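For reference, the structure discussed in these notes is given below.
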2 protein chains.
Amino acid sequence: MSADEREREILATAESLLAQRPLHEISVDDLACGAGLSRSAFYFYFASKEQVLLSLLDRLVEDQLIEERDAPRNLADDPPGVWRHVLSASFERWSAHRGVLRATMEARATSAQVREVWGRLLGRFVDRTAAAIDAERVRGAAPAGVPARDLAICLCLMNEKVFEAMAAGAQPAVAEAATLDALVGVWLTAIYGATPFPAAAAQVVRQRRLSRSRHA
Amino acid sequence: MSADEREREILATAESLLAQRPLHEISVDDLACGAGLSRSAFYFYFASKEQVLLSLLDRLVEDQLIEERDAPRNLADDPPGVWRHVLSASFERWSAHRGVLRATMEARATSAQVREVWGRLLGRFVDRTAAAIDAERVRGAAPAGVPARDLAICLCLMNEKVFEAMAAGAQPAVAEAATLDALVGVWLTAIYGATPFPAAAAQVVRQRRLSRSRHA
DNA sequence: CACAGATTCGACACGGTGTCGACAGAGCCA
DNA sequence: TGGCTCTGTCGACACCGTGTCGAATCTGTG
């Protein structure tokens, strides 16, 4: 069996074990045995458990990048449809690879590298979202309110957490079948919905000016 | 020095170390030394590092319970003010004890007990929120939309994550000074804002009926 | 055949955890 | 005073998972 195959074997073992139990219950030994080698031979292919996870994660990041390129840009035609499409893509991805997601969340606590990769991924998503919200506001389709970037961060973090809770089977969590609808609903109201509270809105606008002048 | 004092000493050491570095970089030895005892003496007071964290966490849970008792119930008078007040309380708490929050999030991956305590805390918050949203809808102050409980879960998880990101200094995160405003803004629009998308709203309502009949 | 590179393995050292039995001081009673 | 128990403290040990290293083996090539 070639080195390349062995490497893939390790990755496959990792993905399948991660579907069964959390990262900290999987030892390098488990990975090595699963791929049919001794623990020390494992280190010939990967420097650590963490690097295996990073490989697994890289694939999914790659996926996401491709998808971003193909994402619809014509938000004006059908905003709910486009947003749903975008959210649905991450939902599908993380629901299909929930083991990797769970492990990533777990490893973020200990590995700066995992933190960085995940942060970049999320950051890109936030950037896209913030730009889209801004565009909708300029177009007059969305009302002013929470600063676009802050809103985008909140919404993206919400998704992350909701997916994570789903992947980990945590309590409380949204039922899996209802997750996408709930998220799309919250995004649409948070972005396009205006509240009937002028005072609160004014406060947010003040805040917005403040944060603008702070940036300047 | 009495046993009680020693115990408090350990807790104080833990809280102060957690303000400096993450849980996994703090060993039982560090805790023991900090409190002026040997590692094995530590085990006389606590069964593990995890139990120390649980003690720290219990205090804050206690706080939260007291606050829930005193929380304003007259949502109708000034919705934005009441919501802001409620969110502000957790914001203050977790921003003052961010080390404990960060450690809790970290320990949740490995400790079922931490998971459970946190789940209960969050669960209570979700219940309150869902009940309040329902009441606002019945009253006619909030439009129908995402099922109240799902919406509550999404919003609570969003808060958790945004606080966590703040506590961990993660990227991307909302600037600390803008956090509360952003969250209140998203909550208000998500709960009270109606979207101008009838089709999407209908879809959510359909989904809602479905999930109801599933529950029945 | 001999050699180089690739691959595997057993043995080791390290660091953190949790347990155990020995021991010391304090208070109490005879 | 001696002996007892309860509370704390400690050093030593066993355990587990990690990562390293050098020796052994295997494989293809000149």
Side-chain angles (χ1 to χ4, degrees), chain A residues 1-18 20-57 99 102-115, chain B residues 1-14 16-18 20-57 99 102-104 106-115:
Chain A
M1 205 186 265
S2 84
D4 228 42
E5 277 175 287
R6 286 237 186 259
E7 193 171 316
R8 255 176 286 136
E9 196 64 29
I10 292 176
L11 289 172
T13 307
E15 177 118 31
S16 106
L17 287 182
L18 281 175
Q20 295 163 30
R21 35 188 159 115
L23 184 62
H24 70 273
E25 286 180 19
I26 297 171
S27 67
V28 171
D29 211 22
D30 295 332
L31 256 32
C33 288
L37 1 85
S38 74
R39 200 174 63 83
S40 36
F42 166 91
Y43 286 99
F44 181 78
Y45 297 98
F46 291 96
S48 67
K49 210 162 66 170
E50 179 193 320
Q51 296 303 317
V52 177
L53 175 60
L54 280 166
S55 271
L56 251 24
L57 191 52
R102 194 160 38 138
T104 302
M105 296 300 120
E106 197 183 331
R108 216 165 28 150
T110 53
S111 156
Q113 221 177 334
V114 170
R115 238 177 349 255
Chain B
M1 204 187 264
S2 83
D4 229 42
E5 279 173 286
R6 286 238 186 259
E7 194 172 316
R8 256 174 287 138
E9 197 63 29
I10 293 176
L11 289 171
T13 307
S16 106
L17 287 181
L18 281 175
Q20 295 163 30
R21 36 189 158 115
L23 185 62
H24 71 273
E25 285 180 18
I26 297 172
S27 67
V28 170
D29 212 21
D30 295 331
L31 256 29
C33 288
L37 0 83
S38 74
R39 200 173 64 82
S40 35
F42 166 92
Y43 286 98
F44 181 79
Y45 298 97
F46 291 97
S48 66
K49 209 162 64 169
E50 180 193 318
Q51 296 302 317
V52 176
L53 175 60
L54 279 166
S55 271
L56 251 23
L57 190 52
R102 194 164 34 143
T104 302
E106 196 183 333
R108 217 164 28 151
T110 53
S111 156
Q113 223 177 332
V114 171
R115 237 176 351 252

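Letters go in sequence order (proteins before strands), and every chain restarts at 1. This structure is a prediction, so every number in the text was calculated from the model and none was measured.
In this model, the phosphate group of D:dT9 is approached by a side-chain N or O of B:Y45 to a distance below 4.0 Å at OP1 or OP2.
The CG atom of A:D29 sits 11 Å away from the C1' atom of D:dT18 (whole-angstrom rounding). For A:E50 and D:dT18, the CD to C1' distance is 13 Å, given to the nearest whole Å. The distance from atom CD of A:E25 to atom P of D:dC16 is 16 Å, rounded to the nearest whole Å. The CD atom of B:E5 sits 17 Å away from the P atom of D:dT7 (whole-angstrom rounding). Between the CG atom of B:D4 and the P atom of D:dT7 there is a distance of 14 Å, given to the nearest Å. Whole-Å rounding puts the B:F42 CZ to D:dG8 P distance at 16 Å.
Scanning for side-chain hydrogen bond (donor to acceptor under 3.5 Å, both in side chains) contacts around A:E15 gives A:H97, with sequence neighbours left out. Residues satisfying the salt bridge (charged side-chain N to carboxylate O under 4.0 Å, His left out) test with B:R8, not counting sequence neighbours, are B:D4. Partners of A:S38 by side chain to side chain contact (heavy atoms under 4.5 Å, CB included), not counting sequence neighbours, listed by chain and number: A:S40, A:A41. A search for side chain to side chain contact (heavy atoms under 4.5 Å, CB included) contacts involving A:S55 returns A:L11, A:F46, not counting sequence neighbours. Here B:A32 pairs with B:L37, B:F42 under the side chain to side chain contact (heavy atoms under 4.5 Å, CB included) rule; sequence neighbours left out. Judged as a side chain to side chain contact (heavy atoms under 4.5 Å, CB included), and not counting sequence neighbours, the contacts of B:E9 are B:A35. Under the salt bridge (charged side-chain N to carboxylate O under 4.0 Å, His left out) criterion, A:R108 pairs with A:E160, sequence neighbours left out.
Bracketed by its first and final contacts, the part of DNA chain C lying under 4.0 Å from non-hydrogen atoms of chain A reaches from C:dT7 to C:dG10 in 5' to 3' order.
Within the structure, the salt bridge (Lys or Arg N to Asp or Glu O under 4.0 Å) test picks out the following pairs touching residues 25-41 of chain B (sequence neighbours left out): B:R21-B:D30. Applying the side-chain hydrogen bond (donor to acceptor under 3.5 Å, both in side chains) definition to pairs two or more places apart or across chains, those involving residues 45-54 of chain A are A:E50-A:S111, A:Q51-A:Q113.
Shown here for B:A107 and B:L23, the closest heavy-atom pair between the two residues is CB-CD2, 3.9 Å.
For the segment residues 33-40 of chain B, the set of residues with a heavy atom within less than 4.0 Å of an atom of DNA chain D comprises B:L37, B:S38, B:S40, in numerical order.
For the helix from C:dC1-D:dG30 to C:dA30-D:dT1, the rotation axes defined at the first and last 5 base pairs enclose an angle of 30°, given to the nearest 10°.
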